[in-house]
Engineer: 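Take this structure, written in structure tokens, and hold onto it; I'll ask about it next.
When reading the values below, keep in mind they use all heavy atoms of this one structure, side chains included, and skip hydrogens, waters and symmetry mates.
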Amino acid sequence: MTKHIMSVNASMSLYRSTLVPGKLNLYDDIITFEAQGPLAGTEVKDTFLLDEIKSIKSGISTVPFRIAIMEKNGESWLFDQVNRQEAKAFVKSFKAAVGE
């Protein structure tokens, strides 16, 4: 059974000026993204298996703070407009879930 660890408000960055607002959810085996508002259900990608993630980082971006997920296949996914403390806690919780 999948155990929920935490969620943060974030916007998936699709192109330079296209952000999809939603919620990034960390579970003990996956990360999910749920678009909210009028774009609900239109996610380009909504599930990230923890064992397919090469790295996850948080850092400053042009819009408050960012979480970047890099998959083992080389694909990267950016989530902007994240509260700084929540972004750091999300990355720390991810690392604890995968045993880093």
Side-chain angles (χ1 to χ4, degrees):
M1 183 171 173
T2 300
K3 178 185 169 199
H4 181 261
I5 297 173
M6 73 176 297
S7 297
V8 296
N9 290 318
S11 293
M12 180 183 265
S13 180
L14 298 178
Y15 305 102
R16 282 194 166 154
S17 61
T18 304
L19 295 173
V20 178
K23 192 165 288 258
L24 198 57
N25 306 293
L26 175 62
Y27 296 89
D28 60 353
D29 59 347
I30 61 170
I31 294 174
T32 64
F33 177 72
E34 300 171 44
Q36 297 177 336
L39 296 175
T42 64
E43 301 87 351
V44 172
K45 180 165 179 155
D46 63 359
T47 304
F48 306 87
L49 301 174
L50 295 192
D51 61 357
E52 293 180 2
I53 295 174
K54 179 180 179 180
S55 66
I56 184 169
K57 298 177 183 178
S58 65
I60 297 172
S61 72
T62 56
V63 283
F65 228 65
R66 166 180 284 172
I67 293 175
I69 298 174
M70 175 68 82
E71 294 181 305
K72 290 178 181 175
N73 66 8
E75 190 131 23
S76 62
W77 299 90
L78 303 177
F79 297 89
D80 289 319
Q81 300 179 329
V82 184
N83 173 283
R84 181 180 184 177
Q85 288 78 21
E86 290 178 357
K88 288 182 176 187
F90 193 92
V91 171
K92 184 177 180 180
S93 296
F94 165 81
K95 290 181 177 184
V98 297
E100 281 187 25

Engineer: Using a cut-off of 6.0 Å, state whether more than 12 heavy atoms not belonging to K23 lie near its atom NZ.
Structural biologist: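 Count over threshold, so yes.
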Engineer: Throw together a table of side-chain donor-acceptor distances under 3.5 angstrom for residues 47-58, partners on residues two or more places apart or in other chains.
Structural biologist:
none

Engineer: Under the side chain to side chain contact (heavy atoms under 4.5 Å, CB included) rule, collect the residues that match up with L78, sequence neighbours excluded.
Structural biologist: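 Checked L78 against side chain to side chain contact (heavy atoms under 4.5 Å, CB included); matches are S13, R66, A68.
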Engineer: Atom CZ of F65 and atom NZ of K88: how far apart are they, to the nearest 0.5 Å?
Structural biologist: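 Output value for this atom pair is 5.0 Å.
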Engineer: In terms of hydrophobic clusters joined by side-chain contacts under 4.5 Å, are F33 and M6 together?
Structural biologist: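 Same hydrophobic cluster.
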Engineer: Do I30 and V98 share a hydrophobic cluster, counting only Ile, Leu, Val, Met, Phe, Trp and Tyr and linking them when any side-chain heavy atoms are less than 4.5 Å apart?
Structural biologist: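 Different clusters.
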Engineer: A side-chain contact here means heavy atoms from C-beta on lying under 4.5 Å apart; do I69 and F94 qualify?
Structural biologist: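 The answer is no, as the side chains (C-beta and beyond) never meet within the 4.5 Å cut-off.
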Engineer: To the nearest 0.5 Å, tell me how far S11 OG sits from I67 CD1.
Structural biologist: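 Between atom OG of S11 and atom CD1 of I67 there are 11.0 Å.
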Engineer: Under the criterion side chain to side chain contact (heavy atoms under 4.5 Å, CB included), which of V82, N83, N25, L26 is the partner of F90?
Structural biologist: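 By the side chain to side chain contact (heavy atoms under 4.5 Å, CB included) criterion, F90 pairs with just one of V82, N83, N25, L26: L26.
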Engineer: Who passes salt bridge (charged side-chain N to carboxylate O under 4.0 Å, His left out) against E71, sequence neighbours left out?
Structural biologist: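 Scan of E71 (salt bridge (charged side-chain N to carboxylate O under 4.0 Å, His left out), adjacent residues dropped) gives K45.
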Engineer: Considering the options V20, V8, L24, which one meets the side chain to side chain contact (heavy atoms under 4.5 Å, CB included) requirement together with F79?
Structural biologist: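 Of all the options given, the one that passes is L24.
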